[in-house]
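Comments concern the structure below.
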Amino acid sequence: MTANKSDVRLSVQQLRKVYGVGSRNEVEAVRSLTFDLHAGEFACLVGPSGSGKTTLLKCIAGLLEPTSGEVVLDGRRVAGPAEGMAVVFQEYSRSLFPWLSVEDNVELPLKTSGVPKAERKERVSEALEAVSLSHATKSYPWQLSGGMQQRVAIARAVASNPSVLLMDEPFAAVDAQTRGELEDLVRDVWKRLNMTILFVTHDIDESVYLAERVLVLSSSPTIIQADLHIDLPDVRSQADTRSLHRFGELRHQVYEEVQFAKINPGGERTAAREELRS
Amino acid sequence: MIVLKRIGMWFGLPAILIAIWWATTAQGVNFFVPKPDKMASTFAKVWYSEKFFTDVLPSIGRLSISLLISLVLGVVLGIAIGLSRNLRWLLEPLLEFVRAVPSTILIPVLLLLIGINDTMKVAVIVLGCLWPILLNTVEGVRSLDEVLKNTARVYGLRGFDRIRYLVLPGASPLIMAGIRHSLAVGLILLVVSEMFASTDGIGYSIINFQNRVAIPEMWSGIVLLGIIGVLLSVAFQAIQKRVLGWYYGLKEASNDG
Amino acid sequence: MNIKKTRAAAVGAVALALTLSGCASGSVDGSGSTAAASGSAGLTKVTYGLFPSSTVAALQVAIDKGYFKKQGIDLKLVVGAGSSAAQLPALATGELDFMLASPVTALTATTQGLDVRIVDGVTQNDPKTVEDSTAVVVGASSSIKSARDLEGKKVSVNALGSIGEIGIREAVAKDGGDPKKVTFVQLSFPEVAAQIEAGQIDAGMAGSPFMQQVVAKGGRVVSDFIHDTGLGANELVTISSGKLVDSDAAMVKRFTAAMKDALPFLTENNDLVRAAMPASLGTDPAAAAKVKLSIYNADVSKETIQLFADLLVKYGVVSTKPDVDKVIWKP
């Protein structure tokens with residue numbers, strides 16, 4: 001699946017976020033982030049803890065206002081939660097409405113944005129089928145396992161037909177086996193529906209397995225330290241792909257970057273790193 | 001067996017109380033504590049008559065209207081205050097102050113301001129019942145899950161939709177708790193408001209009986225209040241079960257998990 | 001949850017009942033004054049319950065002047081807050097030996113099966129003045145001129161089912177109106193002026209000084225009903241429990257003897273009573289000086305008590321006729 005390079009879905013321009021501006025506890029969480037996401041691309045963001053991943057995601061989603069810089073979605077500046085952006089959060093149980101059934105949860109964003117009933121029903125059932133939850137439409141989220149709940153969240157995101165799907169460490173709170181299933185599910189959904197996904201994770205293996213492109217963030221104040229292309233085959237599987245030699249190489253590369261990122265706040269040591277390399 | 005057990009639990013304690021009552025009044029006559037069987041016959045004589053229409057229905061009517069007003073005002077104002085940090089900051093001290101004043105103390109003032117009519121009684125009841133609902137609604141709105149709120153924002157849930165699908169259901173457990181409290185308070189206030197300057201009602205009847213030294217009749221009024229209280233509680237719990245079914249399921253799931 | 005609610009309801013009902021029956025508190029408010037004599041050795045301790053009124057001051061004067069000590073009685077006044085009906089339980093249990101009450105209270109109590117007796121008179125309505133007891137007043141803008149005009153109107157009384165209700169109905173009947181067509185609402189005297197002004201009631205029963213409040217604003221008395229109906233001869237009496245008069249007739253005799261001596265003295269010396277009001281009741285001395293007092297008389301008039309009984313039956317306050325002979329105690 002090649003990305004259409006001319007079609008930029010999401011553009012982050014010199015995004016900067018400082019907490020507590022002007023006060024004594026001023027903290028520069030994110031110094032400057034610049035990258036573009038093209039239509040149909042699957043990109044992962046990795047970084048050490050404290051690298052402002054969540055801050056970045058919140059700014060992109062419009063939940064947090066950047067101190068400077070801008071986020072542009074489909075050519076329009078993001079100044080608050082924008083239509084065309086869907087988010088899957090890490091805390092799935094807190095993200096689904098416990099008083100709504102699975103299908104009502106998936107339907108809700110469509111309902112409130114005025115989609116007519118017949119179309120709603122169709123989109124909902126398609127989305128639930130895509131995540132293999134057609135049998136659980138009338139259940140309530142708290143009746144489901146963690147993995148299934150996250151699938152509902154994914155279905156909800158998918159049904160809303162977003163321009164860009166943001167995923168904020170969505171599988172961090174899920175057991176390893178389920179995580180594998182969900183990773184495959186996301187890739188499947190991405191391919192079938194031709195989605196554009198920005199996936200934030202701290203799991204290096206996961207980032208390589210999932211993405212076409214891995215962006216490594218430095219530690220805070222964050223910049224983009226590296227932008228790696230993942231040239232693994234299109235068709236991937238948990239059993240085989242992870243044992244490929246190329247997988248190991250890429251994994252090693254990302255791992256190194258992340259290790260370096262830990263001691264590279266603000267990207268100030270980038271030059272030094274080049275020296276270290278040679 | 002389970003049915004027997006349930007019946008036993010429901011009626012067990014009251015049955016024991018009545019048995020004790022019977023035993024202690026069996027010997028001798030205490031004028032001011034009638035025997036259970038006399039109580040029962042007096043109860044039927046007093047309330048199974050036109051008094052039901054002249055006194056019981058008006059009382060129930062007043063209580064119902066007051067509770068309805070308290071519910072609507074409490075929830076609407078509670079949501080408005082809960083969603084607005086400025087309003088909260090402005091009003092919270094005032095609300096805590098007013099809530100601390102038992103509305104029964106205000107009766108003489110209300111008598112002056114409103115007069116001796118149903119409006120005064122409703123005012124007394126509402127002033128007592130409003131606060132549990134309002135303050136609980138504010139708390140319920142404030143304590144909405146952060147992740148859920150962000151989710152709602154991301155998916156464009158705004159304005160009335162937000163209230164209907166997020167705020168109201170999210171705050172409903174606390175709101176229901178507030179309503180339960182108001183029910184108890186409301187019944188008491190109803191009776192007290194009817195003891196002053198009233199022309200009908202259950203409280204009025206009780207005071208009337210007391211004045212005429214009609215002790216068994218006075219007790220029958222009190223028993224009636226107890227029965228109404230129980231009925232209100234049962235009705236409320238049935239409603240609560242329906243409205244908060246999801247909440248109980250959620251709690252149970254999180255307790256197991 | 002179910003169980004808790006039922007239990008709470010049961011407990012709450014019992015608590016409310018006990019409070020209303022006065023068992024718990026006995027409606028006893030210890031704001032009355034103590035016996036004047038210090039060394040009360042050899043004196044019988046006797047309690048007398050009453051509600052706040054000028055009679056408290058009057059009896060206090062009688063105590064201070066030694067009328068009760070002379071009969072070997074150390075009398076303690078127990079001033080209650082509620083109506084006399086609320087103090088009845090204290091009388092029944094023996095907590096109170098005597099009580100000041102309207103004959104209505106005694107008579108209705110006996111029809112309900114409580115054994116109370118009238119032992120002596122206390123106050124009489126002074127036929128010469130209106131302001132010594134209670135009367136019906138209306139506001140300045142009212143069109144009501146006499147008792148008859150109260151037909152179809154809303155009148156307040158301080159306690160339903162007592163002298164106000166039967167007295168006003170009888171006054172209306174005597175004046176040619178239909179006594180059944182008066183609506184009564186319970187309102188304490190202090191509230192009357194405001195509610196008349198607000199138009200919430202058409203007329204109100206009020207005593208001193210609240211009656212004067214209404215008159216001062218341009219209102220007027222339309223019915224001196226206690227006087228008009230002949231109920232004034234025994235407006236307030238001393239009652240006691242049957243148990244006490246049967247078991248300790250000697251003490252009751254001494255008590256009534258003291259009253260027979262003291263009450264005429266009090267009638268002759270109204271100034272002493274007025275002077276005692278600030279201490280006994282907390283009345284403002286200037287207001288106390290203006291209060292018109294009732295006539296103090298220990299006689300019990302059988303005709304008057306019978307009239308009370310007849311009116312109680314006539315207006316449906318009681319369902320069985322009280323036995324007046326049994327109720328009036330004979331020494």
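So that the names make sense, note that chain A is the first sequence line, chain B the second, and so on, each numbered from 1. Note that these values count all heavy atoms, side chains included, but never hydrogens, waters or copies made by symmetry.
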- Which bit of B:L166 is near chain A, if near means a heavy-atom gap under 4.5 Å: side chain, backbone, both or neither? both
- Message: I'd like to know whether NZ of A:K58 has more than 12 heavy-atom contacts from other residues, nucleotides or ligands below 6.0 angstrom.
- Response: no
- Residue selection (most heavy-atom pairs with chain B, distance under 4.5 Å) from A:G146, A:A82, A:G80, A:P109: A:P109
- Item | Other residues, nucleotides, ligands: >12 heavy atoms within 6.0 Å of A:Q177 CD | no
- Message: Return the OG1 to CZ distance between B:T151 and A:F97, rounded to the nearest 0.5 Å.
- Response: 6.5 Å
- Can you name the nearest heavy-atom pair linking A:T112 to B:G156, along with the distance? OG1-O, 4.4 Å
- Query: Do you know which two heavy atoms are closest between A:P81 and B:R153, and how far apart they sit?
  - Reply: CB-O, 3.1 Å
- Task: Please flag which part of A:E91 lies under 4.5 Å from any non-hydrogen atom of chain B: side chain, backbone, both or neither.
- Result: both
- B:Y247 atom OH, neighbour heavy-atom count above 12 within 6.0 Å: no
- Message: With a 4.5 angstrom heavy-atom cut-off, is it the side chain or the backbone of A:L166 that approaches chain B, or both, or neither?
- Response: neither
- Has A:E65 got more than 12 heavy atoms of other residues, nucleotides or ligands less than 6.0 Å from its CD? no
- Please say whether more than 12 non-hydrogen atoms of neighbouring residues, nucleotides or ligands are located less than 6.0 Å from CD in A:E129. no
- Among B:V147, B:N150, B:L148, B:V154, whose side chain to side chain contact (heavy atoms under 4.5 Å, CB included) with A:S95 holds? B:V147
- Task: Supply the atom-to-atom distance B:W246 CH2 to A:W142 CH2, rounded to the nearest 0.5 angstrom.
- Result: 9.5 Å
- Between chain B and each of A:R156, A:Q90, A:E83, count heavy-atom pairs under 4.5 Å; write down the option with the most. A:R156
- Item | Minimum-distance pair of heavy atoms, taken over all atoms of B:Y155 and A:S160 | CE2-OG, 3.9 Å
